[in-house]
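To start, the structure itself, in structure tokens.
So you know, we letter chains A, B, ... as the sequences are listed, proteins then strands, and number each from 1.
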Amino acid sequence: MIDLKFPDGAVRSFDRGTTGRAIAESLSKSLAKKAVLIKLDGTLLDLDRPLEEGGALEILTRDAPEALEVIRHDTAHILAEAVQELFPNTQVTIGPSIEDGFYYDFARDEPFSTDDFAKIEAKMKEIVDRDEKIVREVWDRDDAIKHFESIGEAYKAEIIRDLPGTETITMYRHGDAWKDLCRGPHLPSSKFIGKAFKLTKLAGAYWRGDHNNAQLQRIYGTAWATDADLEAYITRIEEAEKRDHRKIGRAMDLFHMQEEGRGMVFWHPKGWQLWRTLEAYMRRRLDDSGYVEVKTPQVLDRSFWEKSGHWDKYRPNMFICETVEGETLSLKPMNCPGHVQIFKVGLRSYKELPMRMAEFGACHRYEPSGSLHGLMRVRGFTQDDAHIFCREDQIVEETEKFVRLTRMIHADLGMETAYINLATRPENRAGSDEFWDKAEGMLAEAARQAGVEVVIAEGDGAFYAPKLDFIVKDAIGREWTCGTLQLDYVLPERLDAEYVAEDGSRQRPVMLHRAILGSFERFIGIMIENYAGKFPIWLAPVQVVIAPITSDANPYAETVAAALRKAGLRVDTDVRNEKINYKVREHSLAKVPVIAVVGRKEAETGEVALRFLGSEGQTILSVADAVARLSAEATPPDLRTRDA
RNA sequence: GCCGCUUUAGCUCAGCCGGUAGAGCACCGCAUUCGUAAUGCGGGGGUCAGGUGUUCGAGUCACCUAAGCGGCACCA
């Protein structure tokens with residue numbers, strides 16, 4: 001007998017080998033009908049799995065949150081089944097559930113087309129209607145390999161071969177014939193999968209994620225417990241698409257890119273205004289935080305990059321040029337070696353440390369063509385880069401300061417630092433375990449002292465040291481990696497940076513590479529999506545449009561504009577011969593934060609009628625009051641006084 | 001870089017089975033002077049991404065190239 005403890009606290013004994021289904025039936029007929037899985041001590045199991053051990057048992061129905069992942073996994077399986085029914089020469093490989101859905105990777109000589117999706121979906125729904133039993137079978141390892149080889153499933157055979165010998169080989173059989181190697185668990189039969197799924201994307205993917213391996217065809221889909229959830233998901237995706245920075249960037253006339261400059265951005269006046277506002281803000285924050293700003297050369301000789309190690313390790317990503325005199329040079333892909341040169345001029349004293357050297361450094365990297373993506377991944381970009389040269393015993397304090405600064409800046413820019421990834425020692429690494437223990441410990445401690453949650457990203461560190469990556473959450477809950485801090489003992493060594501210590505000895509400084517925005521390009525892209533183009537007034541390229549109602553009010557509009565501009569506001573006037581309705585609509589769609597309407601009435605009384613983006617009412621103020629109010633609202637967060 | 005898809009006016013898109021290219025918005029002109037999300041009328045605008053081929057005839061079919069999009073890989 002085994003003892004099972006139910007969620008209500010009751011403990012009952014059952015025969016060893018009883019199943020979740022039998023237990024459910026003993027509890028209630030209706031529960032047995034709806035039950036799809038069981039959870040034993042936190043582990044999900046098939047409903048028909050004979051139980052060998054007791055424990056805390058929960059019987060799950062389809063609407064349990066844990067069931068959703070299984071629904072998605074099962075949907076992947078019937079996708080595979082459907083594809084093999086329709087396209088017999090297709091081999092199956094793997095098909096897991098993922099966020100919002102699932103995928104399945106297939107090997108087939110002919111390419112799939114999205115035109116096939118309708119046919120495949122129809123077949124999947126047919127399989128759901130057939131209500132095929134999904135049955136777990138335990139197989140002998142060699143039999144399983146033989147089975148898959150005999151039916152030409154080389155990938156499945158390879159998976160089994162690579163499984164540890166201790167692993168139980170389980171197969172899941174759908175109906176009479178179709179089988180897939182799988183760890184499970186699965187739903188009891190295909191009808192429980194439901195039909196709230198949809199195939200979404202077709203993509204290439206490498207076998208086992210390695211580009212040296214064969215390329216498979218991956219079909220992505222989304223799956224949900226109910227049709228309403230599926231609808232909600234589709235709406236969510238459409239909403240996210242509306243925020244696409246490439247669309248908004250075009251509509252708001254912020255920037256463009258063109259064929260001759262792949263991965264390079266042409267910033268239009270409004271986009272560049274946004275950049276300048278952001279850069280000015282960042283510069284003030286750095287000035288206030290003890291940084292010094294520098295500017296280093298854009299192009300440097302090959303010998304320089306050989307010394308820094310980039311020529312060896314990074315050359316495929318560098319833009320290299322030759323001169324008529326036969327020199328070979330490279331555009332800088334990074335700012336760090338340049339900063340070390342400045343550090344190295346003259347003799348540095350320990351009293352100068354920590355030295356926080358910042359640069360809005362324009363870098364160029366030859367990124368693989370397939371990785372380019374709007375402003376998010378470009379080949380020419382400007383980092384908000386800085387290198388902190390310090391002693392080892394200053395690392396924790398400097399890191400903590402940096403974490404606090406980063407959080408403040410993200411908050412000012414409308415995003416929350418959700419957590420920090422601590423990227424720890426990779427497989428291939430330099431340095432002793434003691435070194436890594438200490439380095440990882442210092443970064444984790446600093447982050448904790450700054451009060452930010454730390455999540456370990458196992459093995460993601462650079463080969464020479466760990467790093468911190470900041471994860472921010474945007475307005476619709478998406479996560480972005482923005483901001484990084486990387487410890488470096490290697491470059492100072494390589495480029496022979498040193499300072500004179502208290503005892504007169506020469507010492508190596510440690511370098512902290514750090515960025516808060518990452519690159520201006522990418523960060524502006526993220527900001528566009530975060531705000532959906534509706535920038536807060538201090539960031540908006542055009543803060544106020546003065547819209548006269550009739551041409552009589554044009555001179556007055558110019559007077560008002562002049563008064564606002566004098567207060568430092570970015571103001572346009574719209575004196576076109578158009579109706580006020582048209583002007584309001586157009587500037588609202590252009591996401592201008594404030595429309596100031598002026599007509600004959602306002603011209604006489606010396607007032608303006610302000611209309612704020614997102615609200616329909618008007619606020620009538622005298623010009624002086626409007627100047628005071630708008631300039632207060634348009635003050636960047638770091639310049640605000642906290643009295644009002 | 002790899003796989004799939006896409007590329008028609010400034011933008012968003014239609015264009016059937018191959019028969020000489022279309023809409024809305026934008027733009028230009030004229031009229032209209034209007035009180036908070038589209039005033040009316042008129043006009044200009046295309047080497048259908050580029051190339052090669054099939055055909056009497058190609059936006060439409062085939063192939064090549066490029067870029068864009070979605071993934072994969074990459075992001076020392």
Side-chain angles (χ1 to χ4, degrees), chain A residues 98 103 105-106 108 110-117 200-220 241 244 246-247 250-251 253 256-263 308-318 333-334 336 365-374 376-379 426 428 460-465 467 469 481 484 486 488 490-491 513 518 522 547-554 575-590 595-602 609-620:
Chain A
I98 53 172
Y103 68 77
D105 285 348
F106 298 100
R108 176 176 177 240
E110 295 287 298
F112 288 113
S113 146
T114 41
D115 296 341
D116 299 326
F117 281 8
T200 52
K201 290 180 284 204
L202 188 58
Y206 299 103
W207 169 236
R208 300 200 148 156
D210 184 340
H211 70 278
N212 296 311
N213 289 343
Q215 186 151 33
L216 307 171
Q217 298 187 66
R218 175 172 298 178
I219 296 177
Y220 282 92
E241 271 168 18
D244 190 312
R246 293 163 295 192
K247 267 188 196 154
R250 196 184 303 119
D253 195 18
H256 87 272
M257 300 167 96
Q258 62 190 47
E259 274 192 36
E260 297 96 325
R262 299 192 64 194
S308 73
H310 289 83
W311 192 261
D312 237 19
K313 289 246 163 66
Y314 207 68
R315 189 161 25 148
N317 285 293
M318 290 161 71
M334 293 174 203
C336 20
R365 295 182 190 169
Y366 188 84
E367 302 287 359
S369 56
S371 67
L372 300 177
H373 179 88
M376 302 300 186
R377 186 86 178 261
V378 289
R379 287 176 174 165
N428 293 320
D460 271 358
F463 79 94
Y464 52 83
K467 62 172 177 170
D469 283 319
T481 304
T484 179
Q486 189 167 321
D488 189 356
V490 173
L491 199 63
H513 305 249
R522 185 174 122 93
I549 291 168
T550 64
S551 53
D552 306 354
N554 287 355
V575 295
R576 292 174 303 170
N577 179 9
E578 292 291 350
K579 288 185 163 185
I580 194 63
N581 281 315
Y582 182 85
K583 293 182 184 180
V584 166
R585 175 182 155 83
E586 203 168 71
H587 300 301
S588 297
L589 289 174
I595 301 170
V597 176
V598 293
R600 201 166 296 155
K601 206 164 60 188
E602 285 76 14
L610 301 181
R611 182 188 166 112
F612 294 89
L613 185 61
S615 65
E616 284 178 13
Q618 310 166 41
T619 308
I620 316 269

In Å and rounded to the nearest 0.5 Å, what is the NE2 to CG distance from A:His211 to A:Asn213?
9.5 Å
Evaluate whether atom CZ of A:Arg576 has more than 12 neighbouring non-hydrogen atoms of other residues, nucleotides or ligands under 6.0 angstrom away.
yes
Heavy-atom distance under 4.5 Å between the side chains of A:Arg365 and A:Tyr314, does that happen here?
yes
What is the nucleic acid contact for A:His587, judged by heavy atoms within less than 4.0 Å: base, sugar-phosphate only, or nothing?
nothing
Protein-nucleotide distance (A:Trp207, atom CH2; B:A73, atom C1'), rounded to Å:
16 Å
Taking atom P in both B:G4 and B:G10, what distance in whole Å separates the two?
31 Å
Given the P atoms of B:A49 and B:C56, what is the spacing between them in whole Å?
25 Å
Scanning both residues in full, the closest heavy-atom pair of A:Pro548 with A:Asn554 reads CG-OD1, 3.1 Å
Between A:Arg208 and A:Asp210, is there a side-chain N and carboxylate O pair less than 4.0 Å apart?
no
How long is the line joining CE of A:Met376 and P of B:G71, in whole Å?
12 Å
Rounding to the closest angstrom, what is the interatomic distance between B:G42 and B:G53 at atom P?
45 Å
Going by the glycosidic torsion and a 90 degree boundary from 0, is the base of B:C17 oriented syn or anti?
syn
Given the C1' atoms of B:G71 and B:G29, what is the spacing between them in whole Å?
49 Å
Start with the C-alpha distance between A:Tyr220 and A:Ile98, add both sets of side-chain angles, then the distance that settles side-chain contact (heavy atoms from CB on, under 4.5 Å), and finish with yes or no.
CA-CA 9 Å; A:Tyr220 282 92; A:Ile98 53 172; 3.8 Å; yes
C1' gap between B:G68 and B:U12, integer Å
16 Å
Pairwise 5' ranking along RNA chain B for A:His513 and A:Ser371, keeping only the more 5' one:
A:Ser371
Answer yes or no: is there a donor N or O on one side and an acceptor on the other, between the side chain of A:Gln217 and the main chain of A:Ser113, under 3.5 Å?
no
Answer with base, sugar-phosphate or nothing: what part of the nucleic acid does A:Gly209 contact at a heavy-atom distance below 4.0 Å?
sugar-phosphate
Secondary-structure stems, RNA chain B, at least 3 Watson-Crick or G-U base pairs under 3.5 Å:
B:1-7 with B:66-72, B:10-13 with B:22-25, B:27-31 with B:39-43, B:49-53 with B:61-65
Using the rule given for side-chain contact (heavy atoms from CB on, under 4.5 Å), can you reason through A:Asp488 versus A:Gln486, listing the C-alpha separation, both sets of side-chain angles and the distance that settles it, and then say yes or no?
CA-CA 6 Å; A:Asp488 189 356; A:Gln486 189 167 321; 5.7 Å; no
Under 4.0 Å from OP1 or OP2 of B:C72: is there any side-chain N or O of A:Tyr220 that close?
yes
Check each of A:Arg379, A:Arg262, A:Arg377 against A:Glu367 using the salt bridge (charged side-chain N to carboxylate O under 4.0 Å, His left out) test, and report the only one that passes.
A:Arg377
B:C69, OP1 or OP2 - any side-chain N/O from A:Arg246 closer than 4.0 Å?
yes
Between A:Arg377 (CZ) and B:G71 (P), how many Å, whole number?
14 Å
Rounded distance in Å - CZ (A:Phe117) to P (B:G70)
15 Å
From the list B:A73, B:C72, B:C5, which nucleotide is the closest neighbour of the side chain of A:His211?
B:A73
Count the heavy atoms of every other residue, nucleotide or ligand shown that sit under 6.0 Å from CG of A:Asn428, and state whether that count exceeds 12.
no
What one-letter contact string describes nucleotides 33-41 of chain B from 5' to 3', where B marks a base within less than 4.0 Å of any protein heavy atom, S marks contact via sugar-phosphate atoms alone, and - marks no contact?
BBBBBBB--
State, yes or no, whether a side-chain contact exists between A:His373 and A:Arg246 at a heavy-atom distance under 4.5 Å.
yes
Separation of atom CZ in A:Arg108 from atom C1' in B:G4, rounded to whole Å
13 Å
side-chain contact (heavy atoms from CB on, under 4.5 Å), that's the test. Do A:Leu216 and A:Trp207 meet it? Break it down for me.
CA-CA 6 Å; A:Leu216 307 171; A:Trp207 169 236; 3.8 Å; yes
On a whole-Å scale, what distance lies between the C1' atoms belonging to B:G59 and B:U47?
12 Å
Distance in angstrom units between A:Asp460 CG and B:C74 C1', rounded
14 Å
Rounded to whole Å, how long is the line connecting atom CD of A:Glu367 with atom P of B:A67?
16 Å
Spacing of the C1' atoms in B:U60 and B:C17 (rounded, Å)
10 Å
Decide yes or no for A:Lys583 and A:Ile595: does some side-chain heavy atom of the first lie under 4.5 Å from some side-chain heavy atom of the second?
no
Quick one: label A:Pro368 by what it contacts on the DNA or RNA (base, sugar-phosphate, nothing), any heavy atom closer than 4.0 Å.
base
Quick one: do A:Gln618 and A:Val597 satisfy side-chain contact (heavy atoms from CB on, under 4.5 Å)? Show the steps, please.
CA-CA 9 Å; A:Gln618 310 166 41; A:Val597 176; over 6 Å; no
Spacing between A:Gln258 atom CD and B:A49 atom P, to the nearest angstrom:
18 Å
Could you tell me whether A:Ala203 contacts a base, only the sugar-phosphate backbone, or nothing, with contacts defined as non-hydrogen atoms closer than 4.0 Å?
base
Separation of the C1' atoms in B:A58 and B:A21, to the nearest angstrom
13 Å
A:Arg262 side-chain N/O to B:A67 phosphate OP1/OP2 under 4.0 Å:
yes
Taking only N/O atoms, report every protein-nucleotides 6-13 of chain B pair under 3.5 Å with atom names and distance.
{"residue": "B:U12", "atom": "OP1", "partner": "A:Arg250", "partner atom": "NH1", "Å": "2.8"}

